[in-house]
Amino acid sequence: MMDVRDSAIKYLNVKPRTRKQIITHLKNKGFNDDEILDTVKELEEYRYIDDEEFCRMYFQYGFEKGRGLERIKRELAEKGVAADIIQTVFEELEEVPDQLEAALAAGQQVIRGIDVESLDYDSRRKLQAKIGRRLVSRGFSTEIAYKVMNRLV
């Protein structure tokens, strides 16, 4: 039978995880709270679990995927990273892609191959709405989404 430590390490070997993700995984495996907390504490001491480092990597991953700040921060919170850690790591980032530039690139993907000038009023509105939905789902603020919608259509 696998012990709590082996189970945690096996789960971590797949990809980096947050403290909360490890705890949830181990609880679902039926381990008791004392075993879980001892194991998590040990893994944090050896830096196998490090929510700050996870957060740094996740921001980088999100930016590479063309995601907006709002979405990246929300996903980190959903993964159990504390708000203060998210904010601290965000403030320490050396490079944050310009959100308007990133949103423009994503919006241009939506209109690729479409002759915007030839569209009638209703079709333009529909295209703007499509761009807006794409940008908001990617995690860009509504303010940036409107700027891009108005610039591109």
Side-chain angles (χ1 to χ4, degrees), residues 6-29 36 39-153:
D6 290 338
S7 185
I9 290 172
K10 185 176 178 188
Y11 188 58
L12 277 166
N13 278 336
V14 176
K15 65 181 181 181
R17 313 277 183 173
T18 64
R19 180 179 209 273
K20 181 181 181 224
Q21 287 175 312
I22 296 290
I23 291 171
T24 301
H25 173 75
L26 296 173
K27 281 185 178 182
N28 290 340
K29 289 284 186 186
I36 292 171
T39 300
V40 166
K41 193 178 226 175
E42 178 189 355
L43 293 173
E44 284 176 326
E45 286 171 16
Y46 288 111
R47 299 185 55 94
Y48 287 115
I49 302 173
D50 183 341
D51 280 2
E52 278 189 33
E53 186 56 32
F54 181 92
C55 200
R56 276 185 210 89
M57 290 186 319
Y58 203 83
F59 269 113
Q60 192 60 43
Y61 168 80
F63 293 146
E64 287 170 7
K65 291 286 187 190
R67 293 182 181 157
L69 277 175
E70 307 292 320
R71 179 171 172 182
I72 296 170
K73 288 179 177 181
R74 183 184 69 243
E75 288 174 350
L76 283 165
E78 287 168 0
K79 292 177 183 303
V81 179
D84 60 324
I85 292 175
I86 294 170
Q87 191 56 38
T88 300
V89 170
F90 173 70
E91 289 168 4
E92 291 172 356
L93 291 175
E94 290 178 22
E95 260 188 72
V96 176
D98 181 275
Q99 293 294 285
L100 183 57
E101 291 298 315
L104 271 169
Q108 285 167 336
Q109 288 177 338
V110 175
I111 64 169
R112 182 175 292 130
I114 297 172
D115 181 9
V116 176
E117 299 303 315
S118 71
L119 298 177
D120 63 20
Y121 181 81
D122 284 343
S123 299
R124 283 176 181 244
R125 291 292 153 256
K126 285 178 183 170
L127 186 57
Q128 277 188 322
K130 183 176 180 178
I131 292 168
R133 284 191 304 274
R134 170 77 53 89
L135 296 178
V136 170
S137 75
R138 283 256 183 108
F140 294 101
S141 70
T142 51
E143 177 188 350
I144 286 178
Y146 278 113
K147 283 182 183 175
V148 171
M149 288 161 47
N150 292 326
R151 190 177 294 183
L152 294 179
V153 180

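- No more than 12 heavy-atom neighbours from other residues, nucleotides or ligands sit within 6.0 angstrom of OH on Tyr48.
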Chi angles and distances behind the salt bridge (Lys or Arg N to Asp or Glu O under 4.0 Å) call for Lys41, Glu45: CA-CA 6 Å; Lys41 193 178 226 175; Glu45 286 171 16; 5.9 Å; no
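- Within 6.0 Å of CD on Glu95 lie no more than 12 heavy atoms contributed by other residues, nucleotides or ligands.
- What you find for Arg56 and Val89 is that their closest heavy atoms are CG-CG1, 3.5 Å.
- Judged by a 6.0 Å distance limit and a 45° cone about the ring axis, Lys79 is not positioned over the six-membered ring of Phe54.
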Test log, rule side chain to side chain contact (heavy atoms under 4.5 Å, CB included), inputs Phe63 and Ile72: CA-CA 8 Å; Phe63 293 146; Ile72 296 170; 3.6 Å; yes
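- Under the 4.5 Å side-chain criterion, counting only non-hydrogen atoms from C-beta, Leu43 is in contact with Ile9.
- Within a 6.0 Å radius of CZ in Arg74, more than 12 heavy atoms belonging to other residues, nucleotides or ligands are found.
- Looking at heavy atoms from C-beta onward, Ile22 lies in side-chain contact with Leu12 at the 4.5 angstrom threshold.
- Two residues are said to be in side-chain contact when any heavy atoms from C-beta on lie closer than 4.5 Å; Asp6 and Lys10 fail this criterion.
- Using a 4.5 Å heavy-atom cutoff, the side chains of Met57 and Pro16 are in contact.
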Worked verdict on Arg151 versus Leu100 for side chain to side chain contact (heavy atoms under 4.5 Å, CB included): CA-CA 11 Å; Arg151 190 177 294 183; Leu100 183 57; 3.9 Å; yes
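- Between the side chain of Asp51 and the main chain of Arg19, a donor-acceptor pair closer than 3.5 Å is present.
- Ring geometry for His25 against Tyr11 counts as parallel: the plane angle stays under 30°, on a 0 to 90° scale with 60° as the upper cut.
- Of the residues Lys130, Arg125, Arg124, Lys126, the one that meets the side-chain hydrogen bond (donor to acceptor under 3.5 Å, both in side chains) test with Gln128 is Arg125.
- Using a 3.5 Å distance cut-off with no hydrogens or angles, the side chains of Gln109 and Arg112 do not pair a donor with an acceptor.
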Worked check of side chain to side chain contact (heavy atoms under 4.5 Å, CB included) between Tyr58 and Arg67: CA-CA 11 Å; Tyr58 203 83; Arg67 293 182 181 157; 3.7 Å; yes
